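Encoded as C-alpha cells, the structure appears first; notes follow it.
In this text, all values refer to a predicted model and were calculated from it rather than measured experimentally. All ligand and atom numbering here is 1-based and tracks the order in the structure.
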Amino acid sequence: MVSNGDPAVEKSEFIQEIVRRNPSCIPERYLRREEDKAKDVDMSALADDIPVLDLTLLSNGNKEELQKLDNACKDWGFFQVTNHGIAAEALQGTKKATGDFFNLPIQEKTKYSFHPEFKQGYGQPFPVAENEILDWSDSLLLLLYPSQNRCPELWPARPPEFRGFVEAYSAGIRKVTEELFGCLSLIMGLEKDTLLGLHEEMMTAMRMNYYPLCCRPDQVMDLTPHTDVGTITVLTQDDDVTGLQIRHNGGWVPVEPLPNSLVVNVGDILEIWSNGKYKSIEHRAVTSEARERISVALFFYPNTEVEIEPLEDILAAQEWRRMYKKVKYGDYLKQATQRRMQGKTHILKFKI
Ligand SMILES: O=C(O)CCC(=O)C(=O)O
Ligand SMILES: [Fe+2]
C-alpha cells in the first residue's frame, strides 16, 4: 500500500511538501496505471546515438557539423550542444539557485504562487482534470522576454543570487539560440536571419523543474510525455542524475547528462515551419533512482500575432504535400495551455 489515504496529503498541490512530510507515501493521484507502465519500451542502448554538436564549429560554418545538425533535427528532434560559450559557473550557479529556491520553506515559495492572469509563478501551470494522474514534480514558470511580460513580483528574492543568475543565464542562452536559428536557416536553404525574423519578436519563458526523490520511482511519472509548443527549447539538467527521456522508434531513450552541455529540442512550431522535416519529439522525465533532480528549460516562441504555417520556400523544395494548416501563434498557445501537456495532441489539431 503506497498511498497513506490521508485526504490532507492527497489534496496538497506541491509534491515536494508531500514528500517532506512523509517520504514513504505516494498518494493515489500520483500512481501510474499498470497499462501505461506496460507500454514502456526501454531503448537505453541507443543513448549514445543522440547527437552531440559543437556550437563553435556550427557558427564557423563547418559543413560536417551543419549536416549533423540537419540529421539531428530530422532523425531525433533532440541534440546536446557543447562549446556554446556559456561559462560553467553560470550553468552550475543557475541550477544551484534553482535548488536553493525549491528548498525554501513552503511559506516563502508560495509568495510567488502561480498567477492565473499573468500565467506565471510557482505551482501547477495547467488546469488538471479530476481523474488525471499528477506528475511527481513542482515548477516555477517565469516569462522573461519581451520584458513587458515580466512580473518582477513573481521573481524569487531568495536565494539573493537567483535574479542575477537568471538574468545572465537567459541572456547567454538567447545568444546560443540566435546562433542556432542562424545555422538552422542556412541548412533549410533560407537566408541566415530568416528563422529569427519569423518570430517577429522572439519570446522566452523559463520553467524550472524540481523532481523530489521518490521511494518508488517506478510507480510515478516525473513529467508526462509531451512536446514543447515553441520553436526550440534549450535545457540544462543535473550533471549526475539521468531523468529526461525521448521518444524514438516507439521506445524511450534517456538523454544522459553531458556535464556543462545544453540539451536542445525542436518544438511544434519548427516542425510546422519545416513542414514536418524537423520533428517535435515527445519527451518525459522519469527517475530510476531515489534521487531528486533539477532542470531549467528555456522555451523560445514567436510573437502571439505571428501566423504560423509551412514556409513557402520549404514547400517548394520538398517532394511532399503541405502538412499543416495556418494558425495564429496566440491561438496555438491558447489551446495548448488550456489543458495539461500530453503527447503530441496540440500539433495534431493542425495537421491536414
Ligand atoms: O526535466 C526535463 O529534463 C524535461 C523538462 C521539460 O521537458 C519541460 O520543462 O518542458
Ligand atoms: Fe518539455
Side-chain angles (χ1 to χ4, degrees), residues 15-16 44 47 50 76-81 91 94-95 98-99 101-102 114 119-126 134-144 166 169-170 173 177 203-214 217 220-248 252-271 279-289 291-301 332-333 336-337 339-347:
I15 188 62
Q16 192 180 0
S44 30
I50 297 176
W76 289 91
F78 263 83
F79 52 92
Q80 302 211 59
V81 176
L91 286 173
T94 303
K95 286 185 270 189
T98 304
F101 168 75
F102 281 102
F114 191 81
K119 301 206 175 343
Q120 50 190 314
Y122 168 63
Q124 179 53 255
F126 305 104
L134 301 179
D135 289 340
W136 198 261
S137 52
D138 292 331
S139 73
L140 170 66
L141 176 71
L142 296 176
L143 305 185
L144 304 183
V166 167
Y169 176 72
S170 59
I173 298 287
T177 304
M203 320 267 270
T204 311
M206 178 183 71
R207 184 163 57 224
M208 301 176 133
N209 299 301
Y210 180 85
Y211 308 98
L213 57 80
C214 179
V220 301
M221 181 54 69
D222 284 16
L223 193 63
T224 309
H226 65 281
T227 62
D228 293 342
V229 295
T231 40
I232 67 172
T233 304
V234 182
L235 176 120
T236 180
Q237 55 174 337
D238 267 333
D239 288 336
D240 51 2
V241 42
T242 306
L244 175 61
Q245 294 187 339
I246 66 178
R247 200 113 174 96
H248 187 75
W252 292 103
V253 185
V255 182
E256 304 282 1
L258 209 56
N260 295 320
S261 68
L262 302 168
V263 179
V264 176
N265 63 285
V266 172
D268 292 353
I269 303 312
L270 187 52
E271 176 171 324
K279 310 280 182 324
S280 171
I281 292 294
E282 260 185 85
H283 52 285
R284 67 181 191 178
V286 298
T287 37
S288 52
E289 308 146 67
R291 290 278 305 272
E292 59 172 15
R293 178 172 173 266
I294 280 165
S295 69
V296 180
L298 256 70
F299 305 98
F300 295 91
Y301 48 102
Y332 194 89
L333 206 52
T337 48
R339 44 170 304 196
R340 205 162 65 128
M341 344 186 254
Q342 196 125 57
K344 291 201 75 156
T345 43
H346 306 310
I347 199 166

I'd like to check F102 versus M208 (side-chain heavy atoms, cut-off strictly below 4.5 Å). Are they in contact? yes
Between W76 and H248, what is the ring plane arrangement, given parallel below 30°, perpendicular above 60°, and tilted in between? parallel
H283: numbered ligand 1 atoms lying under 4.0 Å from its heavy atoms: 7 (O)
Quick one: look at D228 and ligand 1, take heavy-atom pairs under 4.0 Å, and tell me if it's side chain, backbone, both or neither. side chain
Does a side-chain heavy-atom distance below 4.5 Å link V255 with I246? yes
Element-labelled atoms of ligand 1 that are located less than 4.0 Å from some non-hydrogen atom of F299: 8 (C), 9 (O), 10 (O)
Which bit of L235 is near ligand 1, meaning a heavy atom under 4.0 Å away: side chain, backbone, both or neither? side chain
Is Q237 near ligand 1, meaning one of its heavy atoms is under 4.0 Å from it? no
Looking only at the side chains, is there a donor atom on one of E292 and Y211 sitting less than 3.5 Å from an acceptor on the other? no
Looking only at N, O or S atoms, find the one in D228 nearest to the Fe ion (ligand 2) and name it. OD1
Residue portion contacting ligand 1 (non-hydrogen atoms closer than 4.0 Å) for T233: neither
What do you get for the angle at the Fe ion (ligand 2) between NE2 on H283 and NE2 on H226, to the nearest 10 degrees? 90°
L262 vs I173, test: side chain to side chain contact (heavy atoms under 4.5 Å, CB included). Steps then yes/no. CA-CA 9 Å; L262 302 168; I173 298 287; 3.8 Å; yes
In terms of side-chain heavy atoms, does N209 have a donor or acceptor partner in S139 at a distance below 3.5 Å? no
Considering the heavy atoms of Y211, write down every atom of ligand 1 situated less than 4.0 Å from one of them. 1 (O), 2 (C), 4 (C), 5 (C)
Side chain to side chain donor-acceptor pair (under 3.5 Å), that's the test. Do Q80 and S261 meet it? Break it down for me. CA-CA 6 Å; Q80 302 211 59; S261 68; 3.1 Å; yes
Quick one: does R293 get within less than 4.0 Å of ligand 1, heavy atoms only? yes
